[in-house]
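So that the names make sense, note that chain A is the first sequence line, chain B the second, and so on, each numbered from 1.
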Amino acid sequence: MFSDRYNPRETEPKWQRFWEESGTFKTRNDGPQPKYYVLEMFPYPSGRIHMGHVRNYAMGDVVARYKRATGFNVLHPMGWDAFGMPAENAAMQNNTHPATWTYQNIATMRGQLKSMGLSLDWSREIATCDPSYYRHQQKMFLDFLANGLVDRKKSKVNWDPVDMTVLANEQVIDGRGWRSGALVEQRELTQWFLKISDYSQELLDALQTLDRWPEKVRLMQQNWIGRSEGLLVRFDIAPASNKTDAREIEVYTTRPDTLFGAKFMAISADHPLAKSLAVGNPGLQAFIDECHRMGTSVATLETAEKKGYDTGVRVTHPFDPNWTLPVYVANFVLLDYGTGAIFGCPAHDQRDLDFANAYGLGNTPVVCPLDVDPATFVITDTAYDGDGRMINSRFLDGMTIADAKNDVARRLESETLDGRPRAARQVNFKLRDWGISRQRYWGCPIPIIHCDDCGSVPVPEDDLPVKLPEDVTFDRPGNPLERHPTWKHVACPQCGKPATRETDTMDTFVDSSWYFARFTDPWREDAPTTRRVADEWLPVNQYIGGIEHAILHLLYSRFFTRAMSKTGHLGIAEPFEGLFTQGMVVHETYRSPNGDWLQPAEIEMRTDNGVRKAFSLATGNEISIGSVEKMSKSKRNTVDPDDIIGTYGADTARWFMLSDSPPDRDVIWSEEGVQGAARYVQQLWRLIGQLAEIAAPAGTPIKDISEATALDIRRLTHRHCARIADHIERLRFNTAIAEIRKLSNALSKILGDVQSPEQMTPQFRLACREAADALVLMFAPMMPHLAEECWERLGHSGAAAYAPWPKVDPALAREDTISIPVQVNGKKRGELVIERDADAKLLEAEALKLDDVQKLLNGQAAKKVIVVPNRIVNVVV
RNA sequence: GCGGACGUGGCGAAACUGGUAGACGCAAGGGACUUAAAAUCCCUCGGGUUUUCCCGUGCGGGUUCGAUCCCCGCCGUCCGCACCA
């Protein structure tokens, strides 16, 4: 007997070739079936794919293949997020052109993805660095400009001195550039902005409609948008204390109800008043400098003491001209938010309390919890920010917080100061406009020409795309477009005079904010989208990617979709109907005695007295096994997808990746685990081989099955079909796989129990045919190559990729006999095996008959019997 | 500091959101086959007792006939953040 081994190294390329040559996964926009768009976040072409990609794309492929099998016209495309800094860094290091580097990487990674056997429509492949893509982006920029969605303004920006570029606020992490790690400086530049803040309220409101998004992501976006309702209040500067031209200070507060608890006012170190007061006040200037030095790092601020500098200026209380408050410059007040000035109510804000305690400013509680006596209510170290009634607040006393807020607002709104109301209600958002200007080469050029006479002039549509010049060098930092000898010099499209091109390029988040729409008709040359086609496919039904994009990419895409709809390129609001954020791939770490990290590939595992130990393959020395961590180059705990696929095959890699953990949690990649998956591949291959020998011919209709064993097989099959489909629908790949294993285990057992050829009746053979076909089709989304090979072995002529998902007969899937636990006083004491839907009376009677129950009843009658049909019987003694 | 999530065997996890805790797998141990190994197959596998039960879902309470699930209070781990007034 020859060894019945499945060889993925031969089989996988064979079927990949078949799918490619047959155009199996090409998607027609005019397909008659209902549409389903599944998309995984497209990769940056960094050079090689990593295991995180394998996990991401394996999940998406299961969904794509499953949906195709259940009758949908599935769109499942792939492309490249191909602009960005690494290409320029590589250009500097290796003296290669960013385009060369990028397209080489794309070629490598495309090959790697193809070796995974993904059911992608490669005819729709796009790369964002290709002029055929970014020309449309330039067109849309101009459309946005014409529709008031673009702004050009001077603003203080985060300047990364190493990368010589501007960073979005979001790209500054702990005061450092998110890529270079350099300390970020503040610079004033004229920048292009997309007016995402016009959509703050809408982006916030529409989060509620995204019911197939993780709650966590919606919450993160909600906090990011950061809506607050508050009051702008103008405080007069007491003339006697005034040292500048300013006559008032305006604050923004969300707690106007606490106005009678005010003890001080604090302004930001960047506040105009602080700046003018610092002139001729070295002490204040020193304090302001100190604030700037402190930086904005969260870690610093967390531990930083609340500090302030008394300016000597005093403001009068809006409700009492005889009541003045000291004005401090404080290190915890931000200029960007509100007005850059606050009034401090120490009793009801922890930061204000910390500050007041440090400077001996005292506190007066003005909100008293309902269950506390106001006479004894005292604040010392912990501010009270809960609900309650107003106290110590004159005309507000006794009111609820909400009523007090309204009352204060009403009174101050109606009061006039210098011809304007004393206060105004205002809704504030944290969300700021999206600065898209980047001072670099490898990005989409902003299609604008600057003319001394005409200002910023859009590049005429006929002149699009504005292509990047190819003859550039990277021997110096800064933007090669800026120093290119000819590229930026053009005639003004309006007046014809010499003018210069905008040399900034767009943030790469712009590129990824609409690629999902381009996939719907990537062949369209004269427009970004074909509106009808895009509106049919969109929104993406299932989007899958990493949690790291929870805010930026997803929020920008939501904005962009609206902006594209406003400019006529789309007719929808939300780009992603369903969102799934998958967990990371993590691995053990290995460290040699001298502290060097070793790669998993450099390690051999052995078991010594039941204890796992690691040894270096090179030296044979024992290596200590460290904690499980995210795969990273620094810890060298990475495994290479090429190696894994070369050794075990893509199916095994995909299977293990999906089987071992819930998809939203981290999965630990382990050699033992992947070997287990490889064993199972062989097990399935043998099982299908056995079934192929005895099964009725392919295509034999199945009906009139009455024999017990055959019926058992059918029930088993249909029951599992129903469950597996349900798990996949809910993206519970790990439990779907557990069910598949249960089915194959059960079928193996049944075949093993067959003693004689007489037991293989025609009915039995028919049931085996049905079971084998179903099993193969159900693991096909995870292990498509093995499935094709098995499908062929089972005698089918067409490919498994075209076969419909097994149809479930509900009558067969339902269990007629079930076992119901019987408890006495909540503890399980027995079990009833009884027909499904038996009524409560019968269940109770049968349960009371059980020996174990009788014994515990000890001749007494039960106090109470709880019966939940099909669930449980509980006898209370 | 603020916000969120999570805590179940040696390990990854399951358990229809109140109804048999530990499915499925990994690791381990024992056995069969083999000259041997690999592969394969069978058995055991939460703890304590040994053939009767008892204890077990981070800890302490509570609600309930019944709690991994709900409530209150702790402890621990992880993640996000722009001190957002």
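- Of the nucleotides present, none pairs with B:A82 by Watson-Crick or G-U wobble criteria with both distances under 3.5 Å.
- Taking the centre of each ring, A:Tyr328 and A:Phe355 come in below the 6.0 Å mark.
- In this structure, of B:A23, B:G12, B:G66, it is B:G66 that holds the atom nearest to the side chain of A:Gln823.
- Nucleic acid contact for A:Leu219: sugar-phosphate only, since backbone atoms but no base atoms lie under 4.0 Å from a heavy atom of the residue.
- Counting non-hydrogen atoms under 4.0 angstrom, A:Lys863 reaches nothing in the nucleic acid.
- Residue A:Glu672 is in sugar-phosphate contact alone, with no base atom involved, counting any heavy-atom pair closer than 4.0 Å across all strands shown.
- B:G29 and B:U17 have their C1' atoms separated by 38 Å, given to the nearest Å.
- Among the protein residues, A:Thr254 comes within range of the sugar-phosphate backbone only, with heavy atoms under 4.0 Å from sugar or phosphate atoms but none that close to a base.
- Contact annotation for A:Arg723: no contact, since no heavy-atom pair falls under 4.0 Å across all strands.
- The A:Arg741 side chain lies nearest to B:C24 when the options are B:C24, B:A82, B:A27.
- Comparing the C1' positions of B:U63 and B:C70 gives a spacing of 8 Å, expressed to the nearest Å.
- For A:Arg351 and B:G1, the shortest distance from a side-chain N or O to OP1 or OP2 is not below 4.0 Å.
- In this entry the distance linking CD of A:Gln675 with C1' of B:A27 reads 12 Å, nearest Å.
- Contacts of A:Arg871 with the nucleic acid, taken as non-hydrogen atoms under 4.0 Å apart, include base atoms.
- Between the side chains of A:Gln201 and A:Arg227, at least one donor N or O sits under 3.5 Å from an acceptor N or O.
- A:Glu844 pairs in a side-chain contact (heavy atoms from CB on, under 4.5 Å) with only one of the listed residues (A:Asp839, A:Ile866, A:Val873, A:Val867), which is A:Val867.
- Separating the C1' atom of B:C6 from that of B:C55 is a span of 26 Å, rounded to the nearest Å.
- In this structure, A:Glu815 CD and A:Arg719 CZ are separated by 4.0 Å, a value rounded to the nearest 0.5 Å.
- Contacts of A:Ser819 with the nucleic acid, taken as non-hydrogen atoms under 4.0 Å apart, include base atoms.
- The CD atom of A:Glu548 sits 14 Å away from the P atom of B:C79 (whole-angstrom rounding).
- With both ends at atom C1', the span from B:C65 to B:U20 equals 16 Å, rounded to whole Å.
- Atom CG in A:Asp726 sits about 14 Å away from atom C1' in B:A15, given to the nearest Å.
- The side chain of A:Ile342 lies closest to B:A85, out of B:A13, B:A85, B:A15.
- Within the 4.0 angstrom heavy-atom criterion, only backbone atoms of the sugar-phosphate kind lie near A:Lys864; the bases stay farther away.
- As a whole-Å value, the separation of A:Lys828 NZ from B:C54 P is 13 Å.
- For A:Ser228 and B:A85, the shortest distance from a side-chain N or O to OP1 or OP2 is below 4.0 Å.
- Looking at heavy-atom distances under 4.0 Å, A:Asn745 makes contact with sugar-phosphate atoms alone, never a base.
- The nucleotide whose nearest atom lies closest to any side-chain atom of A:Arg665 is, among B:A82, B:A14, B:A27, B:A14.
- Using a 4.0 Å heavy-atom criterion, one finds that A:Gly676 contacts the sugar-phosphate atoms exclusively.
- Among the atoms of the strands shown, base atoms are found under 4.0 Å from some heavy atom of A:Asn874.
- Only the P atoms considered, B:A23 is 47 Å distant from B:C84, to the nearest whole Å.
- Annotated as anti: B:G56, whose O4'-C1'-N torsion sits more than 90° from 0.
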(request) For the pair A:Asp354 and A:Asp381, evaluate side chain to side chain contact (heavy atoms under 4.5 Å, CB included) and give the outcome as yes or no after the intermediate values. (result) CA-CA 8 Å; A:Asp354 292 344; A:Asp381 293 326; over 6 Å; no
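- Closest approach to the A:Glu831 side chain among B:U20, B:A85, B:C83 is made by B:U20 (side chain taken as heavy atoms from C-beta onward).
- A distance of about 11 Å separates the C1' atoms of B:U57 and B:G46, rounded to the whole Å.
- Within 4.0 Å of A:Val876, counting heavy atoms only, lie sugar-phosphate atoms of the nucleic acid but no base atom.
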(message) Please evaluate residues A:Arg351 and A:Lys306 with respect to the criterion side chain to side chain contact (heavy atoms under 4.5 Å, CB included), reporting the C-alpha separation (whole Å), side-chain torsions for both, the decisive distance (0.1 Å), and the verdict.
(response) CA-CA 7 Å; A:Arg351 286 159 305 165; A:Lys306 303 284 176 282; 3.5 Å; yes
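- A:Asn331 places a side-chain N or O within donor-acceptor distance of the main-chain N or O of A:Lys307, the cut-off being under 3.5 Å.
- Candidate nucleotides B:U40, B:U20, B:A13 were compared by shortest atom distance to the side chain of A:Asn734, and B:A13 ranks first.
- Rounded to an integer number of Å, the gap from CD of A:Glu844 to P of B:C65 is 16 Å.
- With A:Ser659 contributing its side chain and A:Ile737 its backbone, the two residues share no donor-acceptor pair below 3.5 Å.
- Residue A:Gln222 contributes atom CD, which lies 13 Å from atom P of B:G3 at whole-angstrom precision.
- The separation of B:U68 from B:A13, taken at their C1' atoms, amounts to 13 Å, rounded to a whole angstrom.
- Residue contacts for A:Gln682: at a heavy-atom cut-off of 4.0 Å it reaches no nucleic acid atom on any strand shown.
- Distance check on atom P: B:G3 versus B:C74 gives 14 Å, rounded to whole Å.
- Contacts of A:Arg829 with the nucleic acid, taken as non-hydrogen atoms under 4.0 Å apart, involve only primed sugar atoms and P, OP1 or OP2.
- Between the CD atom of A:Glu629 and the C1' atom of B:C78 there is a distance of 13 Å, rounded to whole Å.
- Of the candidates B:C84, B:G80, B:A13, the closest approach to any side-chain atom of A:Met220 belongs to B:G80.
- Rounded to whole Å, atom P of B:C16 lies 16 Å from atom CD of A:Glu815.
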